[in-house]
Student: 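The structure follows.
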Amino acid sequence: MTGASLTLYNSLTRSLETFEPIDPSLVRVYTCGPTVYNYQHIGNMRAFLFADTLGRVLRWKGWPTKHIINITDVGHLTSDADAGDDKMEKAAAAQAKSIWEIAAHYTDAFKHDVARLNIVPPAEWTVATDHIAQMIDFAEKIAPAHCYEIDSGLYFDSSSVPDYGRLARTVSDEGESRIDPVSGKRHPQDFAIWRKSPEGEQRQMEWDSPWGKGAPGWHLECSVMSHEHLGHPFDIHTGGIDHREIHHPNEIAQNQAFCSCGDSGARIWMHNNFLVDRGGKMSKSTGEFLKLQVLVDAGYHPLAYRLLCLQAHYRSELEFTWGNLAAAATRLKRLVQSIERLHSDTIGTTDSATAYLARLDEAVSDDLATPRALPVLEEMIADKRLPAADRLATLTAFDAVLGLQLSSLTRADLRVRPANATLTTEAIDAHLTDRKQARADKDFARSDAIRDELAASGVEVMDGDPLGWDWKLNA
Ligand code: AMP
Ligand code: ZN
């Protein structure tokens with residue numbers, strides 16, 4: 001490890017802790033992955049951007065890191081508290097497709113978003129349905145002392161571990177009261193380890209088990225995949241803050257049962273706060289919801305969304321508005337423009353960039369404070385005391401943490417065509433050349449008419465734009 005000691009907020013203790021790896025030769029991190037029944041919304045992607053920043057910071061500080069993200073293709077019910085329908089079964093029925101087709105389509109879409117946001121892919125994408133045998137083994141081991149069987153399946157007895165709900169702090173049974181409570185459960189917070197297929201009904205995804213044909217519970221899969229790929233205990237487990245209430249307490253209970261110890265399975269449990277949209281467009285049940293492609297269709301580069309997320313601390317709620325996104329896009333354009341200038345810049349003395357790197361380190365080592373790292377980056381790029389070549393080299397070190405592709409991104413890349421744009425770039429340029437001529441001829445009526453014509457096609461002419469853009473497309 002180099003530089004400042006790394007402090008991370010542990011949801012288990014609700015406090016900042018100095019991070020000490022279990023094995024410094026390989027830090028092990030598990031991130032709860034997407035349920036692939038639909039596209040991920042941009043709030044979901046905030047969770048993966050946060051986990052990516054964590055992975056980048058660990059590596060940047062010198063620890064080799066093994067990061068696992070799973071793909072949930074079975075078991076996640078419409079209520080996190082094990083009630084309702086399987087999200088995958090429901091989506092397959094609604095779209096008249098097989099579950100496998102649904103899973104393949106949305107897994108690919110998720111991986112595409114991961115790539116567009118420059119999230120480092122995990123060491124492995126572990127797929128839940130590839131681990132059914134291991135889930136059954138795990139369940140068999142914990143069943144005698146911790147589970148009971150009822151008509152609907154095998155359930156975990158939450159009173160069989162000493163401190164159930166320590167992570168959540170309050171035990172919530174809200175999910176249970178909302179959707180058909182499972183009859184026969186001993187405590188509201190008990191949860192399914194194995195869900196038996198109902199008598200006379202065949203599920204698209206079902207497997208034989210000692211408790212009959214059926215499918216695993218959602219919480220089981222994360223315990224099993226993290227054990228299998230990272231061992232017990234591993235260093236850090238991440239997820240969105242909603243998982244602090246049900247999913248992660250249940251994983252912890254299973255881990256404790258499996259190791260017959262009080263150990264939660266991971267040393268540190270970290271949770272990102274939510275991205276919120278006051279317009280209600282984050283919910284997947286509301287038709288056209290906010291997925292990354294919606295931002296791209298509106299003319300925004302995906303990395304503008306990454307920057308929007310980096311501008312907020314991961315533990316703060318972040319409000320999504322188009323205005324906030326536009327501001328982040330402008331900030332990114334300004335950064336890219338100043339970096340482009342550096343390539344032709346020869347000014348600068350021989351001052352060292354070490355102080356900037358120390359400030360970056362100090363910011364991200366303080367519980368991943370990316371909002372504080374960004375102004376340091378901007379200051380460094382603008383610092384004429386540093387040779388341009390040094391600033392470009394230092395930029396690479398910053399970007400290893402921030403992941404904004406600043407060494408290669410161009411202003412042309414950032415000019416994303418909105419999906420509803422009707423004019424080609426060549427046509428816009430031809431109009432602008434005509435307009436220039438009209439202005440040279442002092443024919444202002446014609447120049448205004450061309451501007452209005454462009455505006456009617458969604459093209460805004462930007463005279464005197466500080467970023468040097470002649471026009472932009474409005475969605
Ligand atoms: P899911 O596909 O529902 O399992 O969710 C994937 C990840 O997104 C999980 O870590 C959730 O906790 C997280 N998540 C869900 N909604 C939001 C949101 N609005 N903002 C940030 N993270 C979220
Ligand atoms: Zn999980």
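In listed order, ligands and their atoms are each counted from 1. Just so you know, these numbers come straight off a predicted model, no measurement behind them.
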Student: For D190, which of Y148, Y155, Y164 qualifies under side-chain hydrogen bond (donor to acceptor under 3.5 Å, both in side chains)?
Tutor: Y148

Student: Considering only heavy atoms, does N272 approach ligand 1 within less than 4.0 Å through its side chain, its backbone, both, or neither?
Tutor: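 Within the 4.0 Å criterion, N272 contacts ligand 1 through side-chain atoms alone.
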
Student: Would a 4.5 Å heavy-atom cut-off, applied to side chains only, mark M380 and L360 as touching?
Tutor: no

Student: Distance to the ring centre below 6.0 angstrom and angle to the axis at most 45 degrees; does that hold for K141 and F258?
Tutor: yes

Student: Heavy atom of Q40 under 4.0 Å from ligand 1?
Tutor: yes

Student: Quick one: which ligand 1 atoms are inside 4.0 Å of a heavy atom on L275?
Tutor: 18 (C), 19 (N), 20 (N), 21 (C)

Student: N273 heavy atoms, cut-off 4.0 Å: which ligand 1 atoms fall inside?
Tutor: 21 (C)

Student: Could you name the option among N44, L318, T238 that has the heavy atom nearest to atom 6 (C) of ligand 1?
Tutor: N44

Student: Side chain, backbone, both or neither: which part of D242 has a heavy atom under 4.0 Å from ligand 1?
Tutor: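 Only the side chain of D242 comes within reach of ligand 1.
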
Student: Looking at H41, which atoms of ligand 1 are within less than 4.0 Å of one of its heavy atoms?
Tutor: 16 (N), 17 (C), 19 (N)

Student: Roughly, to 10 degrees, what angle do C32 atom SG and C222 atom SG form around the Zn ion (ligand 2)?
Tutor: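 Output for this angle: 130°, rounded to tens.
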
Student: Is the Zn ion (ligand 2) less than 2.8 Å from an N/O/S atom of H219, whether that atom is in the backbone or a side chain?
Tutor: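 No - counting backbone and side chain alike, H219 has no N, O or S atom under 2.8 Å.
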
Student: For ligand 1 and F274, I'd like to know whether there is a polar contact (N/O to N/O, distance under 3.5 Å).
Tutor: no

Student: Considering just N/O/S atoms, say which atom of H247 is closest to the Zn ion (ligand 2).
Tutor: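 Result: NE2.
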
Student: Would you say L220 and F156 make side-chain contact, with heavy atoms under 4.5 Å?
Tutor: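 The answer is no, as the side chains (C-beta and beyond) never meet within the 4.5 Å cut-off.
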
